[in-house]
Number of protein chains: 2
Amino acid sequence: MTNHALFHTLHQLSRQLTNSLNEALKPFGLYSAQWSVLFVLHTKGSLTQKELSEYLFVEAPPMTRTIQRLVKQGFVRQIPGKDKREKYIQLTEEALKEFPKWEHAVSECNNDLLKKFPEDSQQELLKLQSVWLKQLL
Amino acid sequence: MTNHALFHTLHQLSRQLTNSLNEALKPFGLYSAQWSVLFVLHTKGSLTQKELSEYLFVEAPPMTRTIQRLVKQGFVRQIPGKDKREKYIQLTEEALKEFPKWEHAVSECNNDLLKKFPEDSQQELLKLQSVWLKQLL
DNA sequence: TTAAATTGTTTACCTAGGTAAATATATAGG
DNA sequence: CCTATATATTTACCTAGGTAAACAATTTAA
């Protein structure tokens, strides 16, 4: 019965990585969930909250909270859509200015976490995870 | 830059699995973190909270909370140690009686989550995760 | 055209897990 | 012995993410 170990190590890994990312983002007053939103907005441009939560596979309420924190910090704006139920979220100039620093810190953190883990193992791991995840969703 | 996808899918996977486990445990009024504690106590016998949190790589405060909920539900007892700072945690008779049902439900859930994911992929995934995790800790 | 159903967001409340600081007990050193 | 340090647990407070239900705007149907 290797199942238990599989779930256990996956959960542990996820927590360790999130903790490290939070540590790396601390100097900028950001947390991992905020970073994931900022990253998506930076690559995909303005999105509605619905689109954001679907893309990140997160329910609407936590997305609302994360966005409200980003608004309060001045990194994101909520623009009412033509359909007045929806709100488009976009990065502020401040966020665009700071983004490269954040990205650099996250990148350093990730490299550090992976530096002793061979490149081909990373590839293989990503492939296995992706296949499994796709089956679950 | 495959790093981002690697972290992202791992995080998603972890969340999906936890959600499924919570769903499977719902009929018994249990949550995933509680189950992890019950499982460890069942396999290793009575442990102090310190030992539990070290074994599960969880900080002391969340462990206290999880245990307090289990105490309230009558599934676990706190026994003062010879060293009066520490508390040994043990399963109650009620928990021992119910355990097989819980284990069966969790097992079914796990099998269901893995049924379309080949056995050798599972092995490979576990190996990669374990290697990486060991390097991080 | 108005009533009913649907959709996007928010509010309220829950578990999970983290840090910092308080508390109580044990252990060492002077 | 008594003070200082170390350790186990708890408390208070934070983010992350989940469900259920409220609310407002939109769409569908009668």
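Quantities reported herein were computed from a predicted structural model and do not represent experimental measurements. Protein chains get the first letters and strands the later ones, always in sequence-line order, with residue 1 at the start of each.
Straight-line distance from the CE atom of A:Met63 to the P atom of D:dG17: 8 Å, rounded to whole Å. Counting to the nearest Å, the C1' atom of D:dT7 and the NZ atom of B:Lys82 are 16 Å from each other. Taking atom NZ of B:Lys50 as the reference point, atom C1' of C:dA24 lies 16 Å away to the nearest angstrom. Between the CD atom of A:Gln34 and the P atom of D:dT15 there is a distance of 8 Å, rounded to whole Å. C:dG8 atom P lies 14 Å from atom CD1 of A:Ile89, rounded to whole Å. The distance between atom CD of A:Gln16 and atom C1' of C:dG17, rounded to the nearest whole Å, is 11 Å. When the C1' atom of D:dT7 is taken as reference, atom CD of B:Glu59 falls 15 Å away, rounded to whole Å. Atom C1' of nucleotide D:dG17 and atom CG of B:Leu17 are separated by 15 Å, given to the nearest angstrom.
Within the 4.0 angstrom heavy-atom criterion, only backbone atoms of the sugar-phosphate kind lie near B:Gln78; the bases stay farther away. Among the protein residues, A:Thr18 comes within range of no part of the nucleic acid, since none of its heavy atoms lies under 4.0 Å from any strand. Looking at heavy-atom distances under 4.0 Å, B:Asn19 makes contact with sugar-phosphate atoms alone, never a base. Within the nucleic acid shown, B:Ala60 comes within 4.0 Å of at least one base atom, counting heavy atoms only.
The side chain of A:Val58 has D:dG18 as its nearest neighbour among D:dG18, D:dA8, C:dT9. Distance from the side chain of A:Pro61 is smallest for D:dT19 among the nucleotides D:dT19, D:dT9, D:dA25. Taking the side chain of A:Ser32 as heavy atoms from C-beta on, and the options D:dG17, D:dT10, D:dA16, the nearest nucleotide is D:dA16. Among D:dT9, D:dG17, D:dA16, the nucleotide with an atom closest to any side-chain atom of A:Pro62 is D:dG17. Listed nucleotides C:dA16, C:dA26, C:dG8 differ in distance to B:Lys84; the shortest reach to its side chain belongs to C:dA26. Distances from the side chain of A:Gln49 to the nucleotides D:dT9, C:dA16, C:dT10 place C:dT10 closest.
Both B:Phe117 and A:Leu10 belong to a common hydrophobic cluster when Ile, Leu, Val, Met, Phe, Trp and Tyr are linked at side-chain heavy-atom distances under 4.5 angstrom. Note: the hydrophobic cluster containing B:Leu91 does not contain B:Tyr88 (ILVMFWY, side chain heavy atoms under 4.5 Å, direct or indirect links). Under the 4.5 Å side-chain heavy-atom criterion for grouping Ile, Leu, Val, Met, Phe, Trp and Tyr, B:Val131 is connected to A:Leu13 within one hydrophobic cluster.
Each of A:Lys26 and A:Asp83 lies near DNA chain C, and the nucleotide nearest A:Asp83 is the one positioned closer to the 5' end. Judged by closest nucleotide on DNA chain D, B:Glu54 is the one of B:Glu54 and A:Asn22 placed further toward the 5' end. Ranked by how close their nearest DNA chain D nucleotide is to the 5' end, B:Arg65 and B:Glu23 are led by B:Arg65.
Within the structure, a side-chain polar atom (N or O) of A:His11 is placed less than 4.0 Å from OP1 or OP2 of C:dG17. Considering only side-chain N and O atoms, B:Arg69 lies under 4.0 angstrom from the phosphate OP1 or OP2 of C:dA16. A:Lys87 has a side-chain polar atom (N or O) that falls below the 4.0 Å cut-off from OP1 or OP2 of C:dT10. OP1 or OP2 of C:dT11 lies within a sub-4.0 Å distance of a side-chain N or O belonging to A:Gln68. For the pair A:Thr64 and C:dT9, the criterion of a side-chain N or O lying under 4.0 Å from OP1 or OP2 is not met.
Between the side chains of B:Glu119 and B:Gln123, at least one donor-acceptor pair of N or O atoms lies under 3.5 Å. In the model, A:Gln49 has a side-chain atom that pairs as donor or acceptor with a side-chain atom of A:Gln78 under 3.5 Å.
Here B:Lys97 does not pair with B:Glu93 in a salt bridge; the nearest charged N to carboxylate O distance is not below 4.0 Å.
Between A:Gly74 and A:Glu94 the shortest heavy-atom distance is O-CB, 3.9 Å.
On a pure distance criterion of 3.5 Å, a polar donor-acceptor pair joins the side chain of A:Arg85 and the base of C:dT7.
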